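These values consider heavy atoms only, across backbone and side chains, with no hydrogens, waters or symmetry-generated copies. Here the structure is a predicted model, which is why all the values come from computation and not from measurement.
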Amino acid sequence: MAILDGLAGRWLRRYRLFFCLGLLILTLQVFLAYKSFKLPLLGSKTTENDHQHYHHISSENNKVLAAEKSQHQGGMVVDDEDGHSNSNILLKNRNPRDSVVKSSAGIKQKLQLEDLQFSPPCSIRSREAISAINRARSQQCKQHIANVSCAIQSGHFYTPWLPSSCPRGHHIPNRALGCYRDEKKYRILSGYYVNFKSSNSPHHCIKTCLQSGFVYAGVQYSTECFCGNDEPSAAAKLPDPSCNMKCPGDAKEACGGYFAVNIYETGIRKFTAQTAELLPKTKEKRVRIAFLLTLNGRALRQVHRLLRALYSPNHFFYIHVDSRQDYLFRNLIRLEAKYPNVRLTRRRFSTIWGGASLLQMLLSAMRELLASTWTWDYVINLSESDFPVKSIEKLQDFLTANRGMNFVKSHGREVQRFIQKQGLDKTFVECDTHMWRVGDRELPHGVQIDGGSDWIALYRDFVEYVTRQDDEDDLLTGLMIIFRHTLLPAESFFHTVLRNSYFCNTYIDNNLHVTNWKRRLGCKCQYKHVVDWCGCSPNDFKPDDWPRLQATEAKQLFFARKFEPIVNQAIILQLEEWLFGPYTADVINLNRYWQSVYHYLDESPPSDDVLLTVAASLMRINAQKLSSDGIFHPGKIIEVINFMEDDKFRGFIIQHEITWTTDEIESGLIEILVSTTQFSQHSKTNSLAKRIRNLHVSSDYDQKEQLARNYAGFLGPQSEPTLIFTLTQSSGDNHTALVNITTLWIDPTGNVADISELHVEDGTANSVNFAKATLRKPLLPGIWTIKLIHKKTPIVLYRFLITPMGFHGGEEISAERAKKINCGSFADSLHPSSEWILHADPPEDRAPLERKALENAEKSGSDLMRWIDNLVESFYLIRESCSQHRVPRASHLDKCDVTSWSSFAPDPKSDDNLHTSSLRT
């Protein structure tokens, strides 16, 4: 062994020169290979000493790159109006409903031709389009998606280029400035960076930079594209041969070199938003405002309250009510006869969240405003969720000082990220009240893309321009085609037209709104039922948010959103009194709120059959209660109304007719206040059980506001029950820990229908928790039980009602339909070895319950009504009654208009008298 070591040592000493030369040559070859193919050195990562392929000039640009990478891993958001990190949308690159067409094993979904009653005009290749056609409900919608998809596939649907009439100054499109030296720490173009590994070229880079609003574009190191607004220094000029790397997207062009960049002008000048003036010049004629109210829902009293806060005879109120909201339209149209400056449009759209119809509705209403006899200067769009934070006189002064300016709020982030997050690089088609994603698209060259908030204040001259319907303006024509097939088009259309038209110098980056964004609560991937996208919404203002509203006093903000009195009315009252002074002492019902959920005159939206079933049952029970001799007979249900007091749900009001016979048949109007009874048992020894509050089961759970929109808890066989409760904070340690609670859903036959695990954060003050069951439909009607189990010990037992159906499609249910839906679905028995078998009813108890359920399922007519009434009477309590007309033998009933809880009670804060001065001290 020693001999071998000696030989090796002598060999190394003799040939070490050749060994070193060989090692040097090998190292050089590896380095040249690295430079030629841009491969990372073995065992190393790119460092700041290597050439930076993915570098950024500032920490903000590093965030941009990280966000661009993260888009392939999760969601991304965009700043809201106040610069906070939030968004109107949350992007998920993969829609769960599209998973079958985005296959991982080479299996692609095919167009289901057998389901089509038409022949597609082409062989559709887009996977998203195929998925949309297969999922669409109506043949008309399927054909519309197919037609658009084929037009796009032909290459003639979108224009590749659009003109811009915004003055460009001395800048010339695509002009080459030459080759320039770049530096790693101080980039010559520092606005935006992207690496186009396979598609980089001067044209592609110029298009990207122009689209993002940059004056200069630069290509470097073959694949890199830089954008910036600062003119390159002449001192950094290099000989043209210094930029000699070929472009991967165009081999005939040079794309810079090693820290050498070819720089081009994009053809636009640097954009700078205008600064708003604060006060008008003396004796200047004040502007007149047209408030464009776009309304949905049933919050009639809040709409009246908003109009009262805005109203002035010098301004105008043009109202669009969603075409599916008969109740709101029917009640608001009465204002036209009382106020000449209030008008409702008769051209009504059915709008959905993110839908292209939102933009069409705004443009249509603006055209009608222009055609009216009203003389207005500004149009401001508002919803029923908005409320002013300054007086209208201050708003009028502010707009007068900035006459001719247009107010829109930009997204405040890097444009390419905004495009991706908003889905502007996707084509969407609206039909069947859904926005279907049908494929990718390239936005046209030549224009800057902008967007942000869809709440705007536009000057009349710009409104006249943007609502043109002729084909003479190529910019408007091209953008209209794009935004008819865009998600959330109203959030980008007006901004983009402003940036690229001769109105570009009238852009003020302010939409006059403050919006209550709370990312943790507001971005829960909402709206998937109406769009192939994940959406975010702002939260309602509540008293805890009052400091944020107060802070608007020193800012150029005049409106706030969102407000919902059904969620919280106290904050609206606080804001009103801050703006206008306190109400007089004799104004009543300031802390009460009524909101209709059903009216018999409504043709749209469709009636809730569970609500009608429960209301009809309570009407029958009340008629029996009023008269033991059967003189009274239930008539028809007029209206059902949710009643709130001190921002708590106090019950629902049923307004119904009642008839009786004396010499002739007469009728009267009765209202009853109904509350829901609670059936819950909490362990008296378990500390966790003692901290569970407000436990109830309902549906339509709103994660954003942490409440169930189905306030009364009406549940039927097709409902999706959700368990909701509040966990108060422990008196011990304040650290947050997870508590695991098992939820058992037990059907009326005693079988466990679902078992779910609930992970509760313990340590958070009054945290709201919810659990949705995965239950087979139709649900078995009857009394259900929920058991909450902690550490294998039951801590809470709760019972709730799944109501048998007495109505279908708004009409009394037929015997055949009743037997079909009220039979429910029987749960499978637990396996005897299951650890939860002890919490289910024993088999000998379940058998008679199953027989009884089968008997009930066969009931119809009067037998069905009696079954429903027995169940409803167990879970709902008629607390009080009143009569709006004289009813014989019921003289004990108070008159409804003097009953504090009645919907007929005076509500001066929310009536349709828009003059408010008499209510203030």
Check for a donor-acceptor pair, side chain of [X] on one end and backbone N or O of [Y] on the other, with a separation under 3.5 Å.
{"X": "Asn402", "Y": "Met405", "value": "no"}
{"X": "Thr486", "Y": "Pro489", "value": "no"}
{"X": "Ser501", "Y": "Phe503", "value": "yes"}
{"X": "Thr159", "Y": "Gly478", "value": "no"}
{"X": "Asn511", "Y": "Ile456", "value": "no"}
{"X": "Thr208", "Y": "His204", "value": "yes"}
{"X": "Asp509", "Y": "Ser410", "value": "yes"}
{"X": "Asn500", "Y": "Gln448", "value": "yes"}
{"X": "Lys704", "Y": "Pro538", "value": "yes"}
{"X": "Asp432", "Y": "His434", "value": "no"}

Side chains of [X] and [Y]: does their closest heavy-atom pair fall under 4.5 Å?
{"X": "Leu458", "Y": "Met366", "result": "yes"}
{"X": "Asn174", "Y": "Ile206", "result": "yes"}
{"X": "Gln420", "Y": "Asp425", "result": "yes"}
{"X": "Asn262", "Y": "Pro202", "result": "no"}
{"X": "Gln416", "Y": "Gln211", "result": "yes"}
{"X": "Leu162", "Y": "Leu479", "result": "yes"}
{"X": "Tyr216", "Y": "Leu177", "result": "yes"}

Identify, with sequence neighbours excluded, every residue that meets salt bridge (Lys or Arg N to Asp or Glu O under 4.0 Å) alongside Arg125. none
Restricting to salt bridge (Lys or Arg N to Asp or Glu O under 4.0 Å), what partner residues turn up for Glu231, sequence neighbours left out? none
Only pairs under 3.5 Å count here: list side-chain donor-acceptor contacts from residues 238-246, not counting sequence neighbours, and write none if there are none.
unit_1: Ser242; atom_1: OG; unit_2: Pro239; atom_2: O; d: 3.2
unit_1: Asn244; atom_1: ND2; unit_2: Pro241; atom_2: O; d: 3.4

Qualifying residues under side chain to side chain donor-acceptor pair (under 3.5 Å), relative to [X], sequence neighbours excluded:
{"X": "Arg175", "value": "Glu265"}
{"X": "Tyr507", "value": "Asp450"}
{"X": "Thr506", "value": "Asn406"}
{"X": "Thr294", "value": "none"}

Using 30° and 60° as the class boundaries, would you call the ring planes of Phe493 and Phe483 parallel, tilted or perpendicular? perpendicular
How are the rings of Tyr527 and Trp353 set relative to one another: parallel (under 30°), tilted (30 to 60°) or perpendicular (over 60°)? parallel
Any salt bridge (Lys or Arg N to Asp or Glu O under 4.0 Å) involving residues 145-168? Give me the pairs, sequence neighbours left out, ordered by first then second residue. none
In short, salt bridge (Lys or Arg N to Asp or Glu O under 4.0 Å) pairs touching residues 206-215 with sequence neighbours left out are Lys207-Glu442
Quick one: do Asp182 and Arg187 make a salt bridge, cutoff under 4.0 Å? yes
Sidechain N-carboxylate O distance under 4.0 Å for Asp532, Arg135: yes
Spacing of [X] atom [atom1] and [Y] atom [atom2] [to the nearest 0.5 Å]:
{"X": "His156", "Y": "Cys150", "atom1": "NE2", "atom2": "SG", "result": "12.5 Å"}
{"X": "Thr223", "Y": "Asn195", "atom1": "OG1", "atom2": "CG", "result": "3.5 Å"}
{"X": "Leu443", "Y": "Thr496", "atom1": "CG", "atom2": "OG1", "result": "9.0 Å"}
{"X": "Asp440", "Y": "Ser126", "atom1": "CG", "atom2": "OG", "result": "7.5 Å"}

Test side chain to side chain contact (heavy atoms under 4.5 Å, CB included) applied to Thr266 and Tyr264, step by step: CA-CA 6 Å; Thr266 62; Tyr264 300 84; over 6 Å; no
Under 6.0 Å from the CD atom of Glu277, do we count more than 12 heavy atoms belonging to anything else shown? no
Using the ring of Phe271 (Phe, Tyr or Trp, six-membered ring only), decide whether Arg499 places NZ or CZ under 6.0 Å from its centre and within 45 degrees of its axis. yes
Cys209/Cys225 sulfur atoms closer than 2.5 Å: no
For the cysteines Cys141 and Cys431, is the SG separation below 2.5 Å? yes
Nearest heavy-atom neighbours spanning Asn229 and Gly213: OD1-O, 3.8 Å
Heavy-atom nearest pair, Leu210 first then Ile268, reads O-CD1, 4.1 Å
Any chance you could lay out the side chain to side chain contact (heavy atoms under 4.5 Å, CB included) test for Ile449 and Ser492, step after step, and finish with the verdict? CA-CA 8 Å; Ile449 301 299; Ser492 298; 5.8 Å; no
Is the closest side-chain donor-acceptor distance between Glu224 and Asn200 under 3.5 Å? no
Please determine, by modelled atom types, if Gln422 and Glu491 share a side-chain donor-acceptor pair under 3.5 angstrom. yes
CA sep, side-chain torsions, deciding dist, call: Ile188, Ile263, side chain to side chain contact (heavy atoms under 4.5 Å, CB included): CA-CA 10 Å; Ile188 198 167; Ile263 297 182; 4.0 Å; yes
Go through the structure and list residues passing ring-ring contact (aromatic ring centres under 6.0 Å, His included) with Phe494, not counting sequence neighbours. none
By ring-ring contact (aromatic ring centres under 6.0 Å, His included) - contacts of Phe214 (at least two apart): none
Applying disulfide (SG to SG under 2.5 Å) as the test, list every pair that has at least one member in residues 453-485; sequence neighbours left out. none
Step-by-step ring-ring contact (aromatic ring centres under 6.0 Å, His included) determination, Tyr192 to Phe226: CA-CA 6 Å; Tyr192 174 66; Phe226 292 85; 9.4 Å; no
Looking only at the aromatic ring of each residue, does the gap between the centers of [Y] and [X] stay below 6.0 angstrom?
{"X": "Phe559", "Y": "Trp455", "answer": "no"}
{"X": "Tyr502", "Y": "Tyr465", "answer": "yes"}
{"X": "His203", "Y": "His445", "answer": "yes"}
{"X": "Phe428", "Y": "His485", "answer": "no"}

